[in-house]
Amino acid sequence: MITSKGLKKLLSHPRTFIKDYRNKGKWRGSLNVSQVNLLSPITIVLHTGEGKPSQSHLALWVPYFIEAEIDFMILTRHRVAFDMAVENYPDVNIAYARGEAEVQKVMSKLNFVKACVYPSNTGNNIHLLAFDEVEHIFIGHGDSDKSASAHKFFRVYDQNWVAGEAHRDRFENEGFDFRGLEFVQVGRPNLLEVVEKTQNKWEDRYNGKVKLLYLPTWEGVYDEQNYSSLSIVKNIIEEVSVKFDFSISIKLHPSTGNRELGLKNIEKKLTQLISRKKIDGELVAKEKTVNELLTQSNMFICDISAVVSESLSANGPIFVYIPRDKEIKISQSNMPYEYYAYTFSSVEELIEKIEQVLSGDDYLEENRNKAMEYILGREATLNSVFIKNLQEIDKVK
């Protein structure tokens with residue numbers, strides 16, 4: 001927000017004002033933004049309609065918007081999201097607009113916007129989608145076979161920026177008309193470091209020691225879409241620690257316990273289990289990113305979620321939990337989990353398949369390499385296509 005003193009300086013010495021402003025930091029605020037278009041020729045708006053989940057969504061993408069050195073703004077819709085963004089990104093333009101009228105006021109001050117970018121499908125996206133003169137691009141917050149990955153709502157966007165070919169095939173396999181929605185393959189920029197650091201075989205890392213990363217998903221919004229292994233999580237940890245000399249890291253999904261109150265204390269229970277059984281393991285803080293853990297691991301246990309594809313980037317065996325008592329409704333690509341991951345529905349089956357892999361029969365190794373390109377867009381990731389695409393939009397001013 002510009003003070004009266006600042007406004008006077010702006011009117012009398014605009015160049016000096018802008019120079020001083022840029023030295024002090026970026027603009028942030030909600031409705032008092034009458035001069036924002038004079039301060040920075042913002043070309044891209046990164047919109048997050050979420051509250052607390054916005055933190056992980058923004059963490060996935062903002063570093064690469066910054067790396068691209070483009071003029072962009074984060075537009076938040078919840079006060080908690082705004083406060084977190086301000087704390088985490090002190091040098092980024094950030095705005096808070098609660099409702100439709102406030103969004104229109106903010107957008108009216110941005111004279112150079114070419115594109116609005118969305119990391120999630122929230123209802124309040126509609127307030128930006130009303131601006132027909134800009135491109136609307138969905139980037140998502142992960143690559144997953146969950147049913148939310150491919151449905152008709154995506155037709156509201158002009159482009160769907162996807163990691164690899166798999167995401168487009170999910171739409172093809174759903175069988176509905178998505179003409180008008182353009183797919184642009186951009187890879188996964190946040191996994192570049194993981195791909196680069198895990199080139200050698202998983203057996204050759206850590207002096208032959210297995211470092212297992214277990215990534216159970218949360219219980220989901222609805223019970224019919226609850227594919228989490230949290231109901232057997234303690235059994236998995238206990239049995240794996242007894243049968244194998246593994247170092248185990250467990251990272252819970254940030255939303256764990258949001259629907260099932262019985263899971264509110266799961267962190268405490270798992271910490272007690274690890275201590276009581278003297279397990280070589282740790283419960284990783286929810287705030288820690290999966291990326292940080294992938295380069296420190298060489299074997300993975302996942303549920304049906306985006307972490308399956310993320311684990312692919314770390315070039316090691318993946319074991320995916322498929323619940324027996326559920327009708328699995330997913331947006332299937334042309335590479336099912338069974339093609340590149342060892343699936344299991346019970347602790348006994350998991351143990352049996354781990355033993356098989358440890359005996360030297362890692363028969364899905366070649367398929368994992370193919371899936372890395374098909375699902376993650378390995379080459380696009382290595383060539384920083386996402387950043388280049390942002391720069392292409394930004395340069396048209």
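Given the structure is predicted, the values throughout are model-derived calculations rather than measurements.
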* Asked: How far apart are the C-alpha atoms of R77 and T48, what are their side-chain angles, what is the distance that settles it, and do they pass the side chain to side chain contact (heavy atoms under 4.5 Å, CB included) test?
  -> CA-CA 7 Å; R77 307 301 302 281; T48 175; over 6 Å; no
* Kindly indicate, with the supporting measurements, whether the criterion side chain to side chain donor-acceptor pair (under 3.5 Å) is fulfilled by S228 and N226. => CA-CA 6 Å; S228 175; N226 180 3; 4.5 Å; no
* To do: Report whether I94 and V80 are members of the same hydrophobic cluster (ILVMFWY, side-chain heavy atoms less than 4.5 Å apart, transitive linking).
  => no
* Asked: Is V233 linked to M299 within one hydrophobic cluster, defined over Ile, Leu, Val, Met, Phe, Trp and Tyr using a side-chain heavy-atom separation of less than 4.5 Å?
  ->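 V233 and M299: one cluster.
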* Considering only Ile, Leu, Val, Met, Phe, Trp and Tyr, and joining two whenever side-chain heavy atoms are under 4.5 Å apart, list the other residues clustered with V195. =>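 Direct or chained contacts put V195 with L192, L382.
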* So which residues get pulled into Y206's cluster when ILVMFWY side chains under 4.5 Å apart are joined, directly or through others? -> none
* **Partners meeting side-chain contact (heavy atoms from CB on, under 4.5 Å) with N334 (sequence neighbours left out)** =>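 Scan of N334 (side-chain contact (heavy atoms from CB on, under 4.5 Å), adjacent residues dropped) gives D169, N173, Y374.
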* To do: Taking side-chain contact (heavy atoms from CB on, under 4.5 Å) as the test, write out the residues that go with R205, two or more places apart.
  =>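 In terms of side-chain contact (heavy atoms from CB on, under 4.5 Å), with neighbours along the sequence ignored, R205 is linked to T198, N200, W202, N298, N315.
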* Asked: Is it true that F65 and F72 have ring centroids separated by less than 6.0 Å?
  -> yes
* To do: With V347 as reference, evaluate I237, I232, V240 under the side-chain contact (heavy atoms from CB on, under 4.5 Å) test and give the passing residue.
  =>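 The passing option is I232.
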* Asked: Excluding sequence neighbours, so at least two apart, what forms ring pair (Phe, Tyr, Trp, His ring centres under 6.0 Å) with H57?
  -> H141
* Structure fact -> Hits for ring pair (Phe, Tyr, Trp, His ring centres under 6.0 Å) against F131, two or more places apart or cross-chain, chain-then-number order -> none
Between [X] and [Y], is there a side-chain N and carboxylate O pair less than 4.0 Å apart?
X    : Y    : value
R168 : E172 : yes
D71  : K114 : no
R368 : D362 : yes

* Give me the one residue out of R276, K277, K243 that meets salt bridge (charged side-chain N to carboxylate O under 4.0 Å, His left out) with E238. =>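 Among R276, K277, K243, the one that satisfies the salt bridge (charged side-chain N to carboxylate O under 4.0 Å, His left out) with E238 is K277.
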Measuring only between side-chain heavy atoms, which start at C-beta, is [X] closer than 4.5 Å to [Y]?
X    : Y    : value
R324 : S346 : yes
K251 : V290 : yes
E310 : R188 : yes

* **Over 12 foreign heavy atoms within 6.0 Å of NZ, K234** =>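 No.
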* To do: With ring pair (Phe, Tyr, Trp, His ring centres under 6.0 Å) as the test, would you mind laying out the steps for Y321 and Y227 before giving the verdict?
  => CA-CA 8 Å; Y321 174 66; Y227 303 142; 9.4 Å; no
* To do: Apply the test side chain to side chain contact (heavy atoms under 4.5 Å, CB included) to residues Y96 and R98: give CA-CA distance (whole Å), side-chain angles for both, the deciding distance (0.1 Å), then the verdict.
  => CA-CA 6 Å; Y96 165 50; R98 184 178 178 182; 3.7 Å; yes
* Sole residue of W61, W161, Y157 in ring-ring contact (aromatic ring centres under 6.0 Å, His included) with Y118 ->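 Of all the options given, the one that passes is Y157.
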* Residue pair Q272, S275: steps toward the side chain to side chain donor-acceptor pair (under 3.5 Å) verdict -> CA-CA 5 Å; Q272 290 173 341; S275 176; over 6 Å; no
* Full working for salt bridge (Lys or Arg N to Asp or Glu O under 4.0 Å) between K395 and E392 -> CA-CA 6 Å; K395 77 179 185 181; E392 281 296 313; 3.1 Å; yes
* Asked: Which word best sums up how the rings of Y342 and Y363 line up, parallel for under 30°, tilted for 30 to 60°, or perpendicular for over 60°?
  ->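 Geometry flag for Y363 against Y342: perpendicular rings.
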* Asked: Within the side chain of N88, is there an N or O that forms a donor-acceptor pair under 3.5 Å with the backbone of Q55?
  ->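 Not at all, since once roles are kept as given, no pair shorter than 3.5 Å links the two residues.
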